[in-house]
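Just the heavy atoms: all of them, side chains too, but no hydrogens, waters or symmetry mates, feed the values below. If you read the sequence from its start, that first residue is 1, and numbering goes on from there. These numbers come from a predicted model, not from an experiment. Ligands are counted one by one from 1 in listed order, and the atoms in each one are counted from 1 as well.
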Amino acid sequence: MKPVEIKPNIYWVGAIDWSIRDFHGYITPKGTTYNNYLILDEQITLIDTVKESFSEVMLKNVSHLVSPKSIKNIVINHIENDHASALGQVMDLVPDAKIFITAKGKEGLSRFFDMSKWDVTIVKTGDKISTGSKTLLFIETPMLHWPDSMMTYVEEDGLLISQDAFGQHLATSARFDDEFITSCSEKELDDAVLDYYANILMPFGFIIKPKIEELQKLGLKISMIAPDHGIIWRKNPEKVLQQYLDMANGKAEEKVLIVYDTMWKSTEYMTYSIAQGVREEGLDCKVIKLRATPLSWAITQFWSCRGTLIGSPTLNNLTFPPVMQFLSYLRGLRPKNRLVGAFGSYGWGGGAVKEIYEVLKGMGLEIYEPGIQVKYRPSIEDEENCFKFGKGFAQRLKEYHKNFK
Ligand code: FEO
């Protein structure tokens, strides 16, 4: 690997993780990258590190340009392990380097490293440092992605180093958006942005909008956005800013998703008829069986569709565990602006549909009721009712979707 110059004397020195498929439970079929950046100036400055297992790759990248021992400053934009766990190896080489970090960052990082002998400066929004010919402006972005998070803006280059925000889990030899679009496609890039947002940043949509507005008020002239994962936005940074604003405003497609699981296929048979009912109303209907699909993919589909129906058999008077697992993950992501309903099968007492509605109502989502239940196997009449249920849901969804146009 060799470093890549992204702006005059500013280099990407990160690592490409081609093989990771499970990123703390988030399934990453296309791998990821751990981006970090080196500013060659009077004060050589490293911005973020990488995941510890890639520290050697990063240090070798730096060595292509300069001895790692000449690093004077280290900016830690975010302390999560995929970006800060290689800090120990860097500090072993440059124990006198100055570290710039938020107060929450220092507090959190001290749980991973003994920082007592490190030269740490706490920074907050508006603080600046000079590396010689370049000025770094810090902007705190708490909860994007952790309480410690901040971004670093290089004033002379219009470069926003945005840590997790605007990233994507893509391992690719392309470093920039235009390169990726040429070698793959714009759609693939859009999907990667959506997938990442849905699984990482969905809970923080209410913070994203004011934060982007704050960036605009600061009058930053952003010509490039360099996140800590995936490709760097050099051709069209405005596009990803707009995508984030749209998602924070609840943008979704006028489509229906059915997520379900099944024990003896009764709930699955209901799914067939419900999906046909949705189609009858002219809407696309995606269907996901949970045990056949990574949870993170199901969440991305949930986020991309305006409405979702959740199907489950009843097991011991409760929801089938794979469906509950989905709901638990979804609840933590605090989705908004989505229409939801439930259906399922049972043998005697029932319980799954009731429990699913309780969970969905607790999330504050738009509810479509009543749900539909079938005892043991759906009969022809039950299938007809499921068809009507799907059709009714689609009709309601078309009305609900108008609120977002
Ligand atoms: Fe890529 Fe929040 O770490």
Side-chain angles (χ1 to χ4, degrees), residues 12-37 46-55 57-58 74-90 99-113 138-152 160-172 175 189 192-208 211 225-233 240 243-244 247-248 296 299-300 303 329 332-334:
W12 173 88
V13 289
I16 304 172
D17 191 344
W18 295 98
S19 62
I20 189 167
R21 293 293 177 269
D22 184 335
F23 190 100
H24 61 42
Y26 173 172
I27 300 306
T28 49
K30 294 176 182 173
T32 193
T33 69
Y34 313 107
N35 300 337
N36 70 329
Y37 304 94
L46 186 69
I47 302 191
D48 290 321
T49 70
V50 292
K51 192 175 173 181
E52 188 177 16
S53 50
F54 288 87
S55 59
V57 174
M58 170 192 67
I74 302 169
V75 173
I76 297 294
N77 278 332
H78 181 25
I79 66 165
E80 192 166 0
N81 305 45
D82 47 333
H83 309 296
S85 57
L87 182 60
Q89 281 87 341
V90 179
I99 294 175
F100 297 89
I101 190 167
T102 61
K104 284 281 181 197
K106 185 184 177 194
E107 184 188 326
L109 204 61
S110 67
R111 306 296 299 177
F112 294 98
F113 297 105
F138 303 117
I139 303 146
E140 292 169 279
T141 56
M143 299 318 297
L144 298 177
H145 167 227
W146 278 8
D148 60 279
S149 294
M150 69 171 180
M151 298 183 186
T152 298
L160 183 68
I161 299 175
S162 60
Q163 43 94 30
D164 277 338
F166 312 118
Q168 337 85 45
H169 283 314
L170 285 175
T172 164
R175 290 278 63 76
L189 187 52
V193 170
L194 177 76
D195 186 67
Y196 184 92
Y197 183 99
N199 283 279
I200 306 277
L201 296 173
M202 191 199 298
F204 311 118
F206 71 101
I207 301 175
I208 284 167
K211 191 47 74 175
I225 297 177
D228 279 2
H229 296 290
I231 63 89
I232 295 163
W233 304 91
V240 74
Q243 275 176 295
Y244 266 52
M247 287 189 283
S296 43
I299 290 294
T300 303
W303 184 240
Y329 187 29
L333 291 165
R334 302 200 289 276

Would you check if there is a donor-acceptor pair between the side chains of Y26 and D195 at a distance under 3.5 Å?
yes
Non-hydrogen side-chain atoms of L201 and M247 separated by less than 4.5 Å:
no
Under 2.8 Å from atom 1 (Fe) of ligand 1, is there any N, O or S atom belonging to H78?
no
What is the name of the N/O/S atom in D82 that sits closest to atom 1 (Fe) of ligand 1?
OD2
Assess D164: does it contribute an N, O or S atom lying under 2.8 Å from atom 2 (Fe) of ligand 1?
yes
Given side chain to side chain contact (heavy atoms under 4.5 Å, CB included), test Q163 with T141 step by step and report yes or no.
CA-CA 10 Å; Q163 43 94 30; T141 56; 3.3 Å; yes
Evaluation steps, side chain to side chain contact (heavy atoms under 4.5 Å, CB included), between I101 and D148:
CA-CA 8 Å; I101 190 167; D148 60 279; over 6 Å; no
Determine the sole option in T28, D17, D164 for which the side chain to side chain donor-acceptor pair (under 3.5 Å) test with H229 is passed.
D164
H145: which N/O/S atom is nearest atom 2 (Fe) of ligand 1?
ND1
Would you check if atom 2 (Fe) of ligand 1 lies under 2.8 Å from any N, O or S atom of D228?
no
Looking only at N, O or S atoms in H229, which is nearest to atom 1 (Fe) of ligand 1?
NE2
N, O or S from E80 under 2.8 Å to atom 1 (Fe) of ligand 1:
no
From M202 CE over to R334 CZ, what is the distance, rounded to the nearest 0.5 angstrom?
11.0 Å
